[in-house]
Amino acid sequence: MPTVSERRYDPKQIEPKWQEIWADEHTWEVSNDAAHDGPSPDTREKSYVLEMLPYPSGEPHIGHLKNYALGDAIAHFHRRIGRRVLHPMGYDAFGLPAENNAIKTGIHPRIATERSIASYRHWFHRWGISIDWSRELATHEPSYYHWTQWIFLKLFERDLAYRKRAAVKWCPVDQTVLANEQVIDGCCERCGSLVEIRQLEQWFFRITDYADRLLDDLDTIHWPEHVKAMQRNWIGRSEGAEVVFRCEDLDPAHPIDYPVFTTRPDTLFGATFFVMAPEHPDVFKLAEGTEYEQSVHEYVNHAITESVELRGDADKPKTGVPLGRTVTNPVTGQQIPMYVSDYVLMEYGTGAIMAVPAHDQRDYDFAKTFDLPIRRVVAPRGEGDQDGGGATQSVSADARAPEDSAFTAHTQDEVLINSGQFTGMNAVEGQRAIVEWLDREGNGHESVSYKLRDWLVSRQRYWGCPIPIVYCERCGMVPVPEDDLPVELPEIEDYQPKGRSPLAAAEDWVSVKCPDCGGHARRETDTMDTFVDSSWYYLRYCDARNDHAAWDRQVLRSWMPVDQYIGGVEHAILHLLYSRFFVKALADMDLMDTQEPFQALFTQGMILGPDGNKMSSSKGNVIAPSEIIERYGADAARCYVLFIGPADQDAAWSETGIDGVYRRLLARLWRLADELAENSVTTEAADQPIDPEGDALTIVRKANWAIEKVTRDVADRFAFNTALSAIIELINEIYRYPDADRQARRFAAATAASLVFPFAPHLGSEAYEMLTGRRVWEEPWPDADPSMLQTETFELVCQVNGRVRDRVHAPSGAERNELEKLCLESRGVKAHVDGHEISKVIVVPDKLVNVVVR
RNA sequence: GCGGCGGUGGCGCAAUCGGCUGACGCGGUGCCCUCAAAAGGCACUGUCCUUCGGGACGUGUGGGUUCGAGUCCCACCCGCCGCACCA
């Protein structure tokens, strides 16, 4: 028989016990019955709580633990406040790392991936995450990608999926194209190698059609400001005008119009030259026959082979070559010279710009290098009035450099100068007037430009979802009929990338009959970007076992949108933008009913190594969750990652920190439960005692205070660190009064167990059962007793001139003059008031009194 | 350059609506329990001055508003994150 002193908190005993119960009883499964009018409809409010699905590679790391501990706390909280909670799990199983690993080790990506999935599944159970396992999915299973292909076909039908030849980003190491979003500082996001530009025919999704809605609807969702800012930034909407510059040099009878985009139409009078991107299709045609023909060829050939990174460097001195031609500035009628320069980008605007050296830093730098005229056309009010007269005067090339302020956006306080009929107008009004004039004269119009490009979705790799398209010799491009889906990924021997998809080698698979004419056809051999798979998985969870459709519309309506999405900020652009696009496109096709996938988003911070650096095996600072769980148990690990600091901030792992949570929170609560349960029949309820007094009252009050505090911290602010602090405070308070009424202490300890359950579900369940004989997850979330939140006296803060001089007890709800009297009578206040004249007394009821003296 | 977020003890951080700065945890110090240790419990722990009553100072810097500012306003410094020759 173990003696009492040998009994201690032992997570190794407690945790498997509860995990088994939850698994055996399918405790966290939730049905779809509420979607249909059944005999006994589930009328609870729905709540869809979702963490970003993991990419299964090796074993889960500490970041996963934090992500799922966080989501699980929210899911548990929502269940206990009476909601019908969907909390599923799946795996983003296709992707490059598994394939690269396959190339290295010879292990088939499916084998490695499924092995990893088994590990993740094991650990999610071991961590005690409350997952509805009946909805588990993996994106590499045909039962899932069947519907990924179906969505592709729907997009294709709507011309939202299309094929075109374009200059695309190509990773020479991974031997595949990349989406713009996957290129970081000119390098491949995955392997870090320098990205090249290639002209290839590729599949795109027309996300640019949705640019405005993706921008505007950010206002309708509850996301962190910085994530919204990143999306706005990425979409990059700029408002301005398209202005046409006419070139009559080649053939006056057939002039060519070159439109440019500008955000500063008010500076049009200052456009003194014109620049084209090296990739502009007309560059060679324009230079042909001029003295610059040869140098233009040399310049362009050099520019297009230069690395993206090198060319993008803003500090690089401006280079370029004249084209030997001119265009007409539509407002001045002036002939201005044309240049080709690599500081103009083909992929933004029209690939050509009007250059206004007086009001644009880049144009200014170019003008200085090539000795071109600089003409100021906007000036601060007052300054502008003096030289406004010489409207058409040309300004010499060595004109004074404009002050830095000249490069900033125009304001009401600036006026147009040297701008013909528009001179004297303020810049904002002038801009409007110039655009109107352009429109009237047929030389331009208002226009909007975006940074966002269409999403390149095809990949020349094996381990991905096949694109359900065939190419027929007679009919051309033909979609695979829906009934023939899924197009299954064939087994192949050799995944080695060779610049075309490894699937191309699977001749039996590639060669098919045309679905339309029955003639000879070949399958598309590219696979889809894995971001396609993860752009809709949250929809599939709603109806994960549906064999006839991607989802039932009614079921989808009963769960979507995701009420709380949780994940790392690294997906702020890619995954979150693509998912928003998918939902809008699907809603437009009348396939679903929400406009946004994720109503609220929480981005968790990273757990850094103990040295404060990002964990990496090369730094040797990796904390393995398995070791932590072994030593402290899942509850301690879960609580610690939430206690370490605000959940949205990065925090360094600390061994002594987790030890503190283990001892001060979990072990102490367990000992309380053990002490208070030992002599009682376990079925006895731990209700709040009636009319407690003295120490018992203090404890009961603290318990109610903790209920209130934890509820608000979890519900309103995701402040898990302070919620856990409050539970520790409650436990400390119970220890402080070991001789207080037993029922009060049992009530308080049971409350602590109930409150800690969303964070430490095993200990929460164990302690609650020890104290009450009940299952804590079947109990409603506690409500604070309002009468216990009030006290009959409070500590009145007594200030003189804003400085605290004393503290006295005062009755709650006392009148202002009573409080004033108490304050003036207090010793500390008297000492500072005597001999001075009181000029004013500020009373804040139930808080403080401030005496102002001269 | 543009956009976003931060700066408070030895450390991680708390202060939610303009009202006691430093909750909670770590670290540190002392005590209790013990033959002893482990485990556990309790107390103290911003700086300086002190006649031991207390006093002065303290939230990146400088100003402002206010009876009162970590919190609001203006200017600046520093750090982190995202984007960037984006016209």
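Numbers restart at 1 for each chain; the letters A, B, ... are given by sequence-line order, proteins then strands. These numbers were taken from a predicted model, which means no experiment stands behind them.
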query: Would you say B/C2 has OP1 or OP2 under 4.0 Å from some side-chain N or O of A/R237?
result: no

message: In this structure, is the centre-to-centre distance between the rings of A/Y339 and A/F366 below 6.0 Å?
response: yes

- prompt: Glycosidic conformation of B/G82, syn or anti, with 90° from 0 as the boundary?
  reply: anti

field: Anti/syn call for B/C5, syn if |chi| within 90°
entry: anti

query: Which whole-number value in Å describes the distance from A/E225 CD to B/G4 P?
result: 8 Å

message: Let's see if you can work this out: which of B/C20, B/A39, B/A14 has an atom nearest to the side-chain heavy atoms of A/Q799?
response: B/C20

- prompt: When the distance from CE of A/M346 to C1' of B/C85 is rounded to whole Å, what number comes out?
  reply: 16 Å

- prompt: Do any N or O atoms from the side chain of A/S812 and from the backbone of A/T791 form a donor-acceptor pair under 3.5 angstrom?
  reply: yes

- prompt: Can you tell which of B/A23, B/C86, B/C42 lies closest to the side chain of A/T722?
  reply: B/A23

message: At less than 3.5 Å, do the side-chain atoms of A/K318 and the base atoms of B/C85 form a donor-acceptor pair?
response: yes

task: Give the nucleotide from the list B/G19, B/C57, B/C5 with an atom nearest to the side chain of A/R803.
output: B/C57

query: Starting at CD1 of A/I353 and ending at P of B/C86, how long is that distance when rounded to a whole Å?
result: 10 Å

message: Run the ring-ring contact (aromatic ring centres under 6.0 Å, His included) test on A/Y258 and A/H280 for me, step by step, so that the C-alpha distance in whole Å, both residues' side-chain angles and the decisive distance to 0.1 Å come before the verdict.
response: CA-CA 11 Å; A/Y258 289 110; A/H280 197 288; 5.7 Å; yes

- request: Measure the acute angle between the ring planes of A/F274 and A/F245, then classify it against the limits of 30° and 60° as parallel, tilted or perpendicular.
  value: tilted

- prompt: For the side chain to side chain contact (heavy atoms under 4.5 Å, CB included) test, which of A/V661, A/L665, A/T722, A/I727 pairs with A/F643?
  reply: A/V661

task: Could you let me know what B/G53 is paired to, Watson-Crick or G-U wobble, both distances under 3.5 Å, or none if it's on its own?
output: none

message: Need the glycosidic conformation of B/G9: syn if within 90° of 0, anti if not. Which one?
response: syn

- prompt: Nearest of B/A87, B/C24, B/C85 to any side-chain atom of A/V344?
  reply: B/A87

- prompt: Quick one: is B/C67 close enough that its OP1 or OP2 comes under 4.0 Å of any side-chain N or O from A/K840?
  reply: yes

- line: Scanning all shown strands, the Watson-Crick or wobble mate of B/G82 with both distances under 3.5 Å is B/C2

Phosphate contact (B/A15 OP1 or OP2) by A/R717 side-chain N/O below 4.0 Å: yes

message: Which is more 5' along RNA chain B, the nucleotide nearest A/I842 or the one nearest A/M354? Just name the residue.
response: A/I842

message: Counting only side-chain nitrogens and oxygens, does A/R362 get under 4.0 Å of the OP1 or OP2 atom of B/A87?
response: no

A/I573 CD1 - B/G4 P separation (whole Å): 15 Å

field: Length of the CG-P vector between A/N613 and B/C81, whole Å
entry: 12 Å

- prompt: Do A/R671 and A/Y9 meet the cation-pi criteria used here (NZ or CZ under 6.0 Å from the six-membered ring centre, within 45° of the axis)?
  reply: no

- prompt: Taking a pair as Watson-Crick or G-U wobble with both distances under 3.5 Å, which nucleotide is matched to B/G27?
  reply: B/U45

statement: Using Watson-Crick geometry (N1-N3 plus N6-O4 or O6-N4) or G-U wobble (N1-O2, O6-N3), each under 3.5 Å, B/C67 is paired with B/G19

message: For a quick check, tell me whether the side chain of A/N233 and the base of B/C83 share a donor-acceptor pair closer than 3.5 Å.
response: no

- prompt: Which nucleotide sits closest to the side chain of A/T656: B/G40, B/G27, B/C85?
  reply: B/G27

message: Going by purine N1 to pyrimidine N3 plus the second Watson-Crick contact, or the G-U wobble pair, all under 3.5 Å, which nucleotide sits opposite B/G62?
response: B/C74

- prompt: For A/R664 and B/G27, what is the distance between atoms CZ and P respectively, to the nearest whole Å?
  reply: 11 Å

